[in-house]
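Along the sequence shown, residues are numbered consecutively beginning with 1. Order of listing sets the numbers, starting from 1, for every ligand and every atom in it.
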Amino acid sequence: MGTLMARITAAARSDGDDGIGIRTLKALDAVSGAEELDAVTEPLKRAVQGLPLGRLRGVLHGRPLGHPLHPALVQIPVGAWIAAGVLDLVPGSERAARLLVAVGVVSAAPAVWTGWVDWAEQHEQQMRTGLLHAASIAAAVGLYGASWTARSRDRGGLGRALGFAGLTAVGTGAALGGHLAYRQAAGANKTEAVAHLVEPGWHTLGRPEEFATGTGVRRMLGEVPVLVVRKSDDVFHVLADRCSHFSGPLSEGEVADGCVTCPWHGSVFRLSDGWNVGGPATAPQPTFDTRTDGKGNLQARLPGAG
Ligand code: FES
């Protein structure tokens with residue numbers, strides 16, 4: 001751990017004109033590259049993956065919403081705690097502030113669950129940053145719990161001080177969450193760019209006889225890899241090959257029962273329309289129209305594009 005701290009400190013050291021923002025980002029990049037943390041993340045990941053959550057796991061990921069549920073749920077505790085902080089500055093608002101502190105602590109529980117479930121299906125680099133994010137939020141929940149206790153025992157001054165310490169911790173956690181979501185792209189739909197990268201019009205994928213029935217084959221549509229599955233003699237399914245969850249190669253996954261399962265985290269996509277029907281992916285997989293041209297070549301295009 002000493003080596004890790006030394007590396008983070010070295011990364012944060014100013015290089016020339018680097019300001020505090022760049023130094024902080026370099027320190028965070030050092031955290032995401034710190035393999036020492038895997039001694040913690042690996043067993044934790046297995047424990048979260050082993051929880052018997054059944055169908056609830058997909059709900060916690062946000063599959064019914066079409067995007068991660070976690071960022072939506074965190075609004076409740078964060079909003080309650082910010083409001084409590086404002087009321088702490090308004091004389092006569094002690095009861096309302098105490099109630100909001102409690103609302104934040106209670107509503108943090110579902111938000112935390114969704115965060116852990118998402119975290120357990122991320123890349124190592126994201127999981128390492130996620131540990132820091134989780135530690136900040138755990139500190140915030142602990143501080144706000146202590147704040148509520150102090151307020152309930154008529155120790156308002158201490159309660160407010162603990163509340164502002166909690167607000168600092170939750171602010172740090174929120175900044176780390178933003179880093180995870182936007183710089184490290186955790187939770188984003190990795191196939192969003194497909195529609196912008198494939199040129200309009202029909203593209204030749206090969207001769208139909210090159211594709212065995214029921215087997216996934218990888219081909220390129222311009223610079224976009226696609227998965228081609230032959231369902232029957234003249235019915236083909238073509239989907240973007242890179243999984244919407246974290247870009248896993250679907251062409252290396254299992255094709256069965258009209259679906260393909262991603263080899264990385266087990267997201268299941270229906271071949272007919274790309275819909276994500278299982279696993280952690282919250283966005284469906286782009287699909288393509290197919291046809292056989294006048295020369296007998298199998299072709300594909302973006303739906304309705306040219
Ligand atoms: S990359 Fe995670 S399920 Fe496909």
Side-chain angles (χ1 to χ4, degrees), residues 32 38 41-71 113-131 133-134 177 179-195 197-198 215-221 223-229 237-288:
S32 70
D38 296 351
T41 58
E42 274 305 311
L44 210 46
K45 171 178 128 179
R46 281 196 295 276
V48 176
Q49 288 178 336
L51 291 171
L53 296 174
R55 296 167 73 90
L56 180 61
R57 191 177 290 273
V59 175
L60 293 174
H61 279 305
R63 190 154 13 100
L65 267 185
H67 58 76
L69 178 57
H70 180 67
W113 273 107
T114 55
W116 279 117
V117 167
D118 284 347
W119 174 86
E121 308 294 346
Q122 293 176 347
H123 291 315
E124 292 85 353
Q125 292 81 0
Q126 294 159 335
M127 293 175 108
R128 294 167 194 150
T129 308
L131 268 191
H133 170 67
H179 185 87
L180 259 173
Y182 297 108
R183 189 175 172 95
Q184 294 188 283
N189 170 13
K190 305 302 185 299
T191 62
E192 197 283 331
V194 166
L197 293 173
V198 176
T215 308
V217 176
R218 187 177 190 266
R219 286 285 191 272
M220 296 298 291
L221 275 193
E223 57 184 286
V224 175
V226 294
L227 165 74
V228 183
V229 178
H237 297 301
V238 179
L239 289 75
D241 188 44
R242 293 292 177 194
C243 176
S244 68
H245 180 234
F246 275 119
S247 302
L250 297 186
S251 51
E252 294 174 22
E254 186 189 339
V255 174
D257 302 325
C259 294
V260 59
T261 301
C262 178
W264 283 8
H265 309 101
S267 287
V268 182
F269 300 96
R270 215 156 45 200
L271 292 168
S272 57
D273 58 5
W275 207 252
N276 48 312
V277 294
T282 55
Q285 207 59 14
T287 55
F288 297 83

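Under the rule for a salt bridge (charged side-chain N to carboxylate O under 4.0 Å, His left out), the partners of Asp241 that lie at least two apart in sequence or sit in another chain are Arg218.
Each of Thr282, Asp118, Asn276 was compared with His61 under the side chain to side chain donor-acceptor pair (under 3.5 Å) criterion, and only Asp118 meets it.
No donor-acceptor distance shorter than 3.5 angstrom exists from the side chain of Thr41 to the backbone of Met127, with no hydrogens or angles considered. Between the side chain of Arg57 and the backbone N or O of Leu51 there is at least one donor-acceptor pair closer than 3.5 Å.
With a 6.0 Å radius and a threshold of 12 heavy atoms from other residues, nucleotides or ligands, Trp113 has its CH2 atom at or below the threshold.
For atom 2 (Fe) of ligand 1, protein N, O or S atoms under 2.8 Å: 2 in total.
Using cut-offs of 30° and 60° on the angle between ring planes, the pair His265 and His245 is perpendicular.
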